[in-house]
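Data first, discussion second: the structure below is written as structure tokens.
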Amino acid sequence: MMTKVPVAVIGSVNIDITIYTRLRPAAGETVLGWQFNHFIGGKGFNQALAAGPLVPTTLLSAVGGTEHSDIVEALTDKEVETQDLKVLEETTGHAFITVTPDGENSIVVVPGANEHLKPSDIRPSLDITQPDVVLTQREIPAETVAAARRWAEENSARYALNASPVAGITAEDVATCDPLIVNIHEAQHLVEHDPRETTPVQMLTEGLQRLTRSAVLTAGEQGAWAIQANSITYVPPEPVTHVVDTTGAGDTFAGVLCAHLALGDSLIEAAREASRAAAEVVAVPRAER
Ligand code: RIB
């Protein structure tokens, strides 16, 4: 028998193959990197890892058998409950990541087992753990994300969506988010501004305010905005002396934000804590996190 778990993260686990390179290749171009490493990642994994040390957290995810024990060990190390990991005869998701010396990353994900996490896999676990906050992203099937949202609506839990990747997300997906967590690019997509044009932040925050119950707009070194029905509050960035690797910083933000919401903090307080945590993460190489 299980007791209540305040935060349930429903999302991906990937093996991240991270390549360190001076230049990111353009179409048709070959460049040399100097190193590559394997890390366990995935937005669901990273978010659960960030929330776990702050508040009891469970990760609902689908992984392949080969990596299962390493994934369980890494999660258990950060106090994340792992009984809801589904082990499949599929390859664990893989992410192919380039990181340049300025710490910026670009990522291609091959979902693998993540694609097989079904609504029927998550409902029984949610019924048992009765989370106060349900956090999802979009590296798992849309129907599973929708099932998580519906469960939260039916059980008066707080539903948080990190709309990443943003393609295919509908108005219905975001309407009951509390909060929706997006970066500038994702916000532009959702409020239907041409991403090739610079959109004033005010347009984005007001657009998000119309779309959803609450939202947090993150903009890295520009800070973040906590958006609620009657207020839009700027959360200044935490200083970072040297950015090493931005991979997973948005996930740390989302995980810490939801952990603090589950602890009863306001959206603004939670966004400040999340901002601090994300600033710490970008200054640390992934191997040392
Ligand atoms: O947000 C960073 C994560 O995106 C990486 O860990 C990678 O797996 C992709 O899911």
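Just so you know, ligand 1 is whichever comes first in the structure, and atom 1 is the first atom listed for that ligand.
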### Query
So is D251 polar-close to ligand 1, meaning N/O to N/O under 3.5 Å?
yes
## Note on the structure
Residue, atom and distance of the protein heavy atom nearest atom 5 (C) of ligand 1 read D16 OD2, 3.3 Å
### Query
Could R24 and E104 be called an ion pair, given the rule that one side-chain N must be under 4.0 Å from one carboxylate O?
no
#### Entry: Interfacing atoms of ligand 1 (cut-off 4.0 Å, heavy-atom, N14)
7 (C), 8 (O), 9 (C), 10 (O)
### Query
When you check the gap from the basic side-chain N to the acidic O, do K86 and D121 get nearer than 4.0 Å?
yes
### Message
Any nitrogen or oxygen of K43 lying under 3.5 Å from a nitrogen or oxygen in ligand 1? Just yes or no.
### Response
yes
### Query
Taking both backbone and side-chain atoms of G42, is any N or O found less than 3.5 Å from an N or O belonging to ligand 1?
yes
### Message
Testing T252, D251, N14 one by one against N46 for a side-chain hydrogen bond (donor to acceptor under 3.5 Å, both in side chains), which residue passes?
### Response
D251
#### Entry: Those atoms of ligand 1 less than 4.0 Å from some heavy atom in E139
4 (O), 9 (C), 10 (O)
### Summary
The complete set of ring pair (Phe, Tyr, Trp, His ring centres under 6.0 Å) pairs with one or both residues in residues 65-103, sequence neighbours excluded, reads none
Sequence neighbours excluded and cut-off under 3.5 Å, please list the side-chain donor-acceptor pairs for residues 216-232, or say none.
| residue | atom | partner | partner atom | Å |
| --- | --- | --- | --- | --- |
| T218 | OG1 | V182 | O | 3.4 |

## Note on the structure
Within 4.0 Å of some non-hydrogen atom of A95, the atoms of ligand 1 are 7 (C), 8 (O)
